[in-house]
Amino acid sequence: MSSLVAEADQPGNQAATGTATAADTATATVTICGFVDTIRRHSKVVFIVLRDETGAVQVVASPRPDEPYADQLDQLTVGSAVTVQGELVKNQIVKLGGVEIQMSGMVVDSFSEAQWPITDETSLDKRLDWRFLDLRKPENLLIFRAQTAVEEAFRELWAAEGFIEIHSPKLMASASETGSELFRLEYFDGYAYLAQSPQFYKQMAMAAGFGKVFEIGPVFRANPSFTSRHDTEFTSVDVEISWIDSHEDVMRVEEKMLQRALGVVKERYGHLVEEVFGTSITVPELPFPRVTHAQARKIVEDSGYRLPRTDGDLDPEAERRLSSHIADETGHGFVFVTDYPATLRPFYHMRHEEDPELTRSYDLLWNGLEITTGAQREHRYSVLRDQALAHGVKEDEVSYYLDFFRFGCPPHGGFGLGLTRILMILLARTNVREVTYLYRGPNRLLP
RNA sequence: GGACCUGUGGUGCAGCUCGGAGUGCACGCCGGCCUGUCAAGCCGGAGGUCGCGGGUUCAAAUCCCGUCAGGUCCGCCA
């Protein structure tokens, strides 16, 4: 059985090639499976467009009641899952790939209800209620093809550079960072918490001598954040590497990963992304621009924007202005903002030797959106312990973590990257919900 | 958590200021016509507790109060 389908609206697809070539010289009997995309009924001929994940093809049928498939055809509805047999013939009149299948038999594997609850015009929230129907649209498939390519590119690079993949637990006894955004759940006679980050466990891998690790996995944030770029569960791309000199080494790994991933997506789907989402993918040059947090503040203030926050950090508007400025100056969509004040960072970020008020840390902005936080970590036990206590962290809750640094630990650092935020910018979508397979937010646990 | 916005047939909207019979548009659905469409076309039809509750009024989708649901931005963050 073949799922070969001609492809007119997805020019990057290769499935059509073999089919059309075979039809050049002779017709071929084929069996294809797919969803009914459209039905156009005329008095003497019926056109059906079938679609599967490889593309779409037109099927021609006769509405005559003596056809073996007459009853099935009569009841056929858009969305139904069908298996069709017929002759594949080349026909230049057909706009969909120049080929069609002249139906000789059909089995409706599963009928669809005729009236769908969503259309192309339906609001995102309602489409998310019927995510499995929404995902049948080719443009949504493209999102997940792009996601697959991004992860594949990352993994290729990691494999080539000797990274170890880890799968850290998502059930934890206590907070890894602030504790304020943790989901608590019953755990036998007590409570457990869902991991908001693999932070401590990937650092443990450094103490374990793994050298370089990565993890692509879920993280949970109990923030009631009602924005287009937040969710309560999302996929985080985490990296941690040993024997670094500074956070600069971490940034070099990350920019290389992103350059590679964007290159792969552009090569594989660039034309399709441009056609479907109207955005062209720019493969960024190395190195990415870097500005310190203090420089970033000055740039934003010089643009005439008064920072609204009292703690001195950049608010979203400031981040957009900074990105815009960097893009104007350098043509680059990415910018590393480095050397954040210690007051804005978690206790485990290493501070500068010469200026302990500043950390060896960075955020990465892409088109004005924060997609990463990274840093060199404090690996010296007594310094780390002092910084934890100064931050008001309860020692008994992090003692297991502090233990990692009591028996020798290399200088190390890493970052966490929001996978859906990358896809959102990459594909010029306005909402992480669109690029998340099944979005989870304060108001959504279904489907 | 704060500010603002939106709830009207299956879907997307208009109607709301200035109250007057559930009025209208597009898509979808059902039926009919039509040898080739490809955003098919033409004709007909069904489908509604105007989110919910209360108030004002002779009369409320429309004005007022409350409530519920959702969205956008901010805060928080990736």
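Letters A, B, ... are given to chains in the order of the sequence lines, protein chains preceding strands, and every chain is numbered from 1.
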When both hydrogen-bonding distances must be under 3.5 Å and the geometry is Watson-Crick or G-U wobble, what is B/rG45 paired with, if anything? B/rC29
Rounded distance (Å) that lies between atom C1' of B/rC77 and atom CZ of A/Arg345: 11 Å
Which residue, A/Asp315 or A/Thr232, contacts RNA chain B at a nucleotide closer to its 5' end, judged by nearest heavy atom? A/Asp315
Using a heavy-atom cut-off of under 4.0 Å over every strand shown, decide if A/Asn431 touches base, sugar-phosphate, or nothing. sugar-phosphate
Quick test of the criterion, 5.5 Å between centres and less than 30° between planes. Is A/His42 stacked on B/rG36 or not? no
A/Phe404-A/His379 aromatic ring centre distance below 6.0 Å: no
Looking at A/Ser43 and B/rC33, is any side-chain donor or acceptor paired with a base atom of the opposite kind under 3.5 Å? no
Per A/Gln58 side chain, nearest of listed nucleotides B/rG71, B/rG36, B/rG28: B/rG36
Please tell me which of A/Thr38 and A/Ile371 maps to the more 5' nucleotide of RNA chain B, matching each residue to the nucleotide holding its nearest heavy atom. A/Thr38
Does the side-chain ring of A/Phe234 sit on the six-membered ring of the B/rA78 base, less than 5.5 Å centre to centre and under 30° in tilt? yes
Taking donor-acceptor contacts at under 3.5 Å, does the side chain of A/Glu100 reach the base of B/rG36? yes
With a 4.0 Å cutoff (strictly under), does any side-chain N or O of A/Lys126 reach OP1 or OP2 of B/rU11? yes
Scan every strand shown for a Watson-Crick or G-U wobble partner of B/rU23, both distances under 3.5 Å, and answer none if you come up empty. B/rA14
Heavy-atom donor-acceptor pair, A/Arg421 side-chain to B/rC77 base, under 3.5 Å: yes
Would you indicate which nucleotide in B/rU11, B/rA78, B/rC76 comes nearest to any side-chain atom of A/Thr119? B/rU11
